[in-house]
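This report refers to the structure that appears directly beneath it.
Note that this is a predicted model, so its numbers are computed, not measured.
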Amino acid sequence: AQGLLDESERARLGSAALDELGKLSRLWLLPGSAAAREPFTREQVNELGWMDRETQRARAERAVREEIVPALAGWGVILETGALARLLRPLPAATGERP
């Protein structure tokens, strides 16, 4: 599969993948959740099919690291490690801004 893409195309796809992961990362990086703002117990939240923010973040990180990154690597598309780490790191609750 790697032979189908040249180095510049793999770099372009890596950048595009990071951009798209960045768009999705707000789902797991933003502090708080609907469950945190409402008077629900963890059990009630789970019964509704929701998950707490930390569980959601951990599952998203695992999916990115164990499924997305290896799939891209199979095509020779390597994501820049520092940029990937920033996308998977939770935001500081005090500012709510991306580091």
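Not a single salt bridge (charged side-chain N to carboxylate O under 4.0 Å, His left out) links R62 to another residue, sequence neighbours left out. A search for side chain to side chain contact (heavy atoms under 4.5 Å, CB included) contacts involving A71 returns nothing, not counting sequence neighbours. By the side-chain hydrogen bond (donor to acceptor under 3.5 Å, both in side chains) test, T81 is found to be paired with no residue, residues two or more places apart in sequence or in another chain being considered. Remark: V69 pairs with V64, L79, L84 by the side chain to side chain contact (heavy atoms under 4.5 Å, CB included) rule, at least two apart or across chains. In this view, L13 and L5, E9, V77 satisfy the side chain to side chain contact (heavy atoms under 4.5 Å, CB included) rule, not counting sequence neighbours. Considering only residues two or more places apart in sequence or on other chains, S15 meets the side-chain hydrogen bond (donor to acceptor under 3.5 Å, both in side chains) condition with none of them. Taking the side-chain hydrogen bond (donor to acceptor under 3.5 Å, both in side chains) definition, one finds that E20 meets it with K23, sequence neighbours left out. Applying the salt bridge (charged side-chain N to carboxylate O under 4.0 Å, His left out) rule to R59 yields no partners; only residues at least two apart in sequence or on another chain are considered.
Hydrophobic clustering, with ILVMFWY side chains joined whenever heavy atoms are under 4.5 angstrom apart, keeps I78 apart from L21.
Nearest heavy-atom pair across L18 and A83 is CD1-CB, 3.8 Å.
Within the structure, salt bridge (charged side-chain N to carboxylate O under 4.0 Å, His left out) contacts touching residues 65-78 (residues at least two apart or in different chains) are E61-R65.
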